[in-house]
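These notes concern the structure reproduced below.
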Amino acid sequence: MKYILSFICLISFQVSLSQQSSQASEKTIKKLSNKAINIATSNQDSAYYYFKQSIKVAAINKHWNYVMDNYFEIYNTAFYHNNFTKRQFTLFTIDSLYNSQQNYFNTLENSLKYKNHINFYYGFYYYRLNNYEAAKNRFQKIIDNTANADNSQLLKNKTFLSVAYSYVAKMNTDEGKYALSKALYDKNIRFLKTIDSTNNDLIYSNYNLLAEVLKKENKHKQSNSYFLKFLNYYDNKGGSNNIMSSCFNIAKNYIQLKKIDSAKFYLKKAKQYLDINHMYNVNYYKLYSEIYDNENNYEKALNELNKALDFYKKSH
């Protein structure tokens with residue numbers, strides 16, 4: 001009995017030491033990662049250094065989730081600094097790590113998050129390369145994996161699913177598949193209102209995207225009904241760029257509907273937020289050119305186009 005008790009005590013002691021060691025390593029990993037995150041926008045090289053130090057500690061202790069989290073942050077940092085080479089290399093590293101440690105990731109409670117994160121990065125990567133087939137394939141994986149998940153996992157991955165719907169819809173719009181695009185935006189709005197009703201930014205963003213599709217279909221009145229929802233939301237919340245862009249879209253639709261006074265009203269509203277150096281000045285001049293053209297005032301229309309051209313040249 002004495003020897004059995006001694007053996008049990010020894011095992012308990014070893015387990016305790018292992019737990020302490022694991023906790024210490026996790027503390028070091030997080031400390032290094034946080035240090036990197038804090039300087040990521042101001043000094044990418046130093047940030048990469050601390051991320052890599054964190055990765056070394058995590059890899060030695062086989063904390064592959066922390067290794068992956070650090071690579072996610074490296075990718076985000078490279079994206080912020082428009083470092084395409086770093087992004088591409090990191091993306092392939094992320095893929096390789098996941099494939100080599102897939103059994104480990106599959107045992108995690110949040111394993112779906114890692115799958116979705118990787119598919120999102122690849123989907124966005126292919127989207128920016130205009131490889132819509134490959135991009136849609138990745139975003140569809142997010143949709144298939146998440147839409148059929150249990151409610152707990154669905155709640156944790158709701159943003160991935162909503163963003164995947166939006167990107168597939170956007171690509172359908174670019175390809176002229178307007179019916180498919182509208183159906184997905186409608187589906188996304190219903191989904192968000194059901195499961196994430198407080199995420200108004202995302203809900204109204206989808207109203208705005210749906211309005212864009214309707215504008216392309218020359219359904220200008222219907223389009224404006226959604227642009228106005230978006231505008232009213234940001235009128236209350238604040239956000240000059242969103243206010244100006246929606247005003248320009250609404251004005252454009254009213255020009256097409258020959259409601260020139262209404263178009264002028266929203267251009268005047270946009271002008272309140274328009275800084276003299278803002279690129280949106282080009283939109284403002286071009287839309288006023290269209291208004292003067294509709295009024296058969298071709299001299300003023302040409303003058304506004306010249307203003308747009310001059311502004312563009314100066315800003316480039």
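What's counted below: heavy atoms across the whole structure, side chains too, no hydrogens, waters or symmetry copies.
- The minimum heavy-atom distance linking Ser166 with Asn188 is given by the pair OG-ND2, 3.1 Å.
- For the pair Thr90 (side chain) and Ile74 (backbone), a donor-acceptor distance under 3.5 Å is absent.
- Checked against a 6.0 Å centroid threshold, the rings of Tyr226 and Phe230 do not count as neighbours.
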List the steps, then state whether ring pair (Phe, Tyr, Trp, His ring centres under 6.0 Å) holds for Tyr71 with Tyr75. CA-CA 6 Å; Tyr71 278 124; Tyr75 182 92; over 10 Å; no
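- When atom types are taken as modelled, the side chain of Asp150 and the backbone of Ser152 share a donor-acceptor pair closer than 3.5 angstrom.
- Using a 3.5 Å distance cut-off with no hydrogens or angles, the side chains of Gln140 and Asp144 do pair a donor with an acceptor.
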Could you go step by step and tell me if Asn157 and Lys113 meet the side chain to side chain donor-acceptor pair (under 3.5 Å) rule? CA-CA 6 Å; Asn157 289 272; Lys113 183 199 83 169; over 6 Å; no
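- A cation-pi arrangement, defined by a distance under 6.0 Å to the six-membered ring centre and an angle within 45 degrees of its axis, is present between Lys86 and Tyr48.
- Considering OG of Ser111 and CG of Asn106, their distance stands at 6.0 Å, rounded to 0.5 Å.
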Output, in order, the C-alpha distance, side-chain angles, deciding distance and verdict of side chain to side chain donor-acceptor pair (under 3.5 Å) for Asn65 and Tyr104. CA-CA 9 Å; Asn65 55 328; Tyr104 171 90; 2.9 Å; yes
Under the ring pair (Phe, Tyr, Trp, His ring centres under 6.0 Å) criterion, do Phe72 and Tyr121 qualify, and how do the steps go? CA-CA 9 Å; Phe72 287 162; Tyr121 281 151; 5.6 Å; yes
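- Checked for salt-bridge contact, Lys286 and Asp293 miss the test: no charged N lies under 4.0 Å from a carboxylate O.
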Show the atom names and distances, to 0.1 Å, of all donor-acceptor pairs under 3.5 Å that link a side chain in residues 207-217 to residues at least two apart or in another chain.
from, atom 1, to, atom 2, distance (Å)
Tyr207, OH, Lys193, NZ, 2.8
Lys215, NZ, Asn249, OD1, 2.7
Glu217, OE1, Lys182, NZ, 2.9
Glu217, OE2, Lys182, NZ, 3.3

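- Relative orientation of the Phe84 and Tyr125 rings is parallel, given thresholds of 30° and 60° on the angle between their planes.
- Taken to the nearest 0.5 Å, the CG atom of Asn83 stands 10.0 Å off from the OG1 atom of Thr77.
- Put simply, Leu180 and Leu184 are part of two different groups of oily side chains (I, L, V, M, F, W, Y) that touch within less than 4.5 Å, one to the next.
- At distances below 3.5 Å, not a single donor-acceptor pair connects side-chain atoms of Asp196 with backbone N or O atoms of Leu192.
- For the atom pair CD (Glu73) and OG (Ser33), the distance works out to 7.5 Å, reported to the nearest 0.5 Å.
- Side-chain atoms of Ser181 never come within 3.5 Å of backbone atoms of Lys177 as a donor-acceptor pair (strictly under, hydrogens ignored).
- Residue Lys35 qualifies as open at atom NZ: its count of foreign heavy atoms under 6.0 Å is 12 or below.
- Atom CG of residue Asn137 and atom OH of residue Tyr132 lie 16.0 Å apart, to the nearest 0.5 angstrom.
- Geometric assessment of Lys187 against the ring of Tyr165 yields a negative cation-pi assignment under the 6.0 Å and 45° thresholds.
- The heavy-atom pair separating Asn224 from Ile250 by the smallest distance is OD1-CA, 3.2 Å.
- Ring-plane geometry between Tyr280 and His278 is classed as tilted, the angle between the planes lying from 30 to 60 degrees on a 0 to 90 degree scale.
- Summarising the geometry, atom CD1 belonging to Ile39 is positioned 11.5 Å from atom CG belonging to Asn34; distances are rounded to the nearest 0.5 Å.
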Using the rule given for ring pair (Phe, Tyr, Trp, His ring centres under 6.0 Å), can you reason through Tyr127 versus Tyr167, listing the C-alpha separation, both sets of side-chain angles and the distance that settles it, and then say yes or no? CA-CA 8 Å; Tyr127 171 78; Tyr167 270 106; 5.1 Å; yes
Side-chain polar contacts of residues 299-309 - donor-acceptor pairs under 3.5 angstrom, sequence neighbours left out - could you list them?
from, atom 1, to, atom 2, distance (Å)
Glu304, OE2, Lys307, NZ, 3.3
Asn306, ND2, Leu302, O, 3.4

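- No donor-acceptor contact under 3.5 angstrom links the side chains of Asn253 and Lys221, judged on distance only.
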List the steps and the verdict of salt bridge (Lys or Arg N to Asp or Glu O under 4.0 Å) for Lys31 and Glu26. CA-CA 8 Å; Lys31 183 178 179 180; Glu26 286 186 35; over 6 Å; no
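- Nearest heavy atom pair, residue Thr173 against residue Tyr185, reads OG1-CE1, 4.2 Å.
- Side-chain contact, Tyr114 with Asp69: a donor N or O sits under 3.5 Å from an acceptor N or O.
- Of all non-hydrogen atoms in Val67 and Ala59, the two that sit nearest each other are CG2-N, 3.7 Å.
- Screening Asp201, Asn200, Asn242 for a side-chain hydrogen bond (donor to acceptor under 3.5 Å, both in side chains) with Tyr233, the sole residue that qualifies is Asp201.
- In this structure, Trp64 is a member of the same hydrophobic cluster as Phe92, with clusters built from ILVMFWY side-chain heavy atoms closer than 4.5 Å.
- Nearest heavy atoms, Lys30 versus Tyr66: CE-OH, 3.3 Å.
- Between Val57 and Leu32, the shortest heavy-atom distance links the atoms CG2-CD1, 4.3 Å.
- At a threshold of 4.0 Å, the pair Glu175-Lys170 does not count as salt-bridged, since none of the basic side-chain nitrogens sits closer than that to a carboxylate oxygen.
- The local environment of OH in Tyr49 is sparse, with at most 12 non-hydrogen atoms from other residues, nucleotides or ligands closer than 6.0 Å.
- A cation-pi geometry, defined here as NZ or CZ lying under 6.0 Å from the six-membered ring centre and within 45° of its normal, holds between Arg138 and Tyr122.
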Test ring pair (Phe, Tyr, Trp, His ring centres under 6.0 Å) applied to Tyr254 and His220, step by step: CA-CA 7 Å; Tyr254 276 131; His220 303 293; 10.0 Å; no
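- Under the 3.5 Å distance criterion, with hydrogens and angles disregarded, a donor-acceptor pair is assigned to the side chains of Asn116 and Thr146.
- Put simply, the side chain of Ser46 never gets that close to the backbone of Asn43: no donor and acceptor are under 3.5 Å apart.
- Once rounded to the nearest 0.5 Å, the distance linking CD1 of Ile189 with OG of Ser162 reads 9.5 Å.
- Looking only at distances, a side-chain donor or acceptor of Thr93 sits under 3.5 Å from a matching main-chain atom of Phe89.
- The backbone N or O of Glu109 sits less than 3.5 Å from a side-chain atom of Gln153, completing a donor-acceptor pair.
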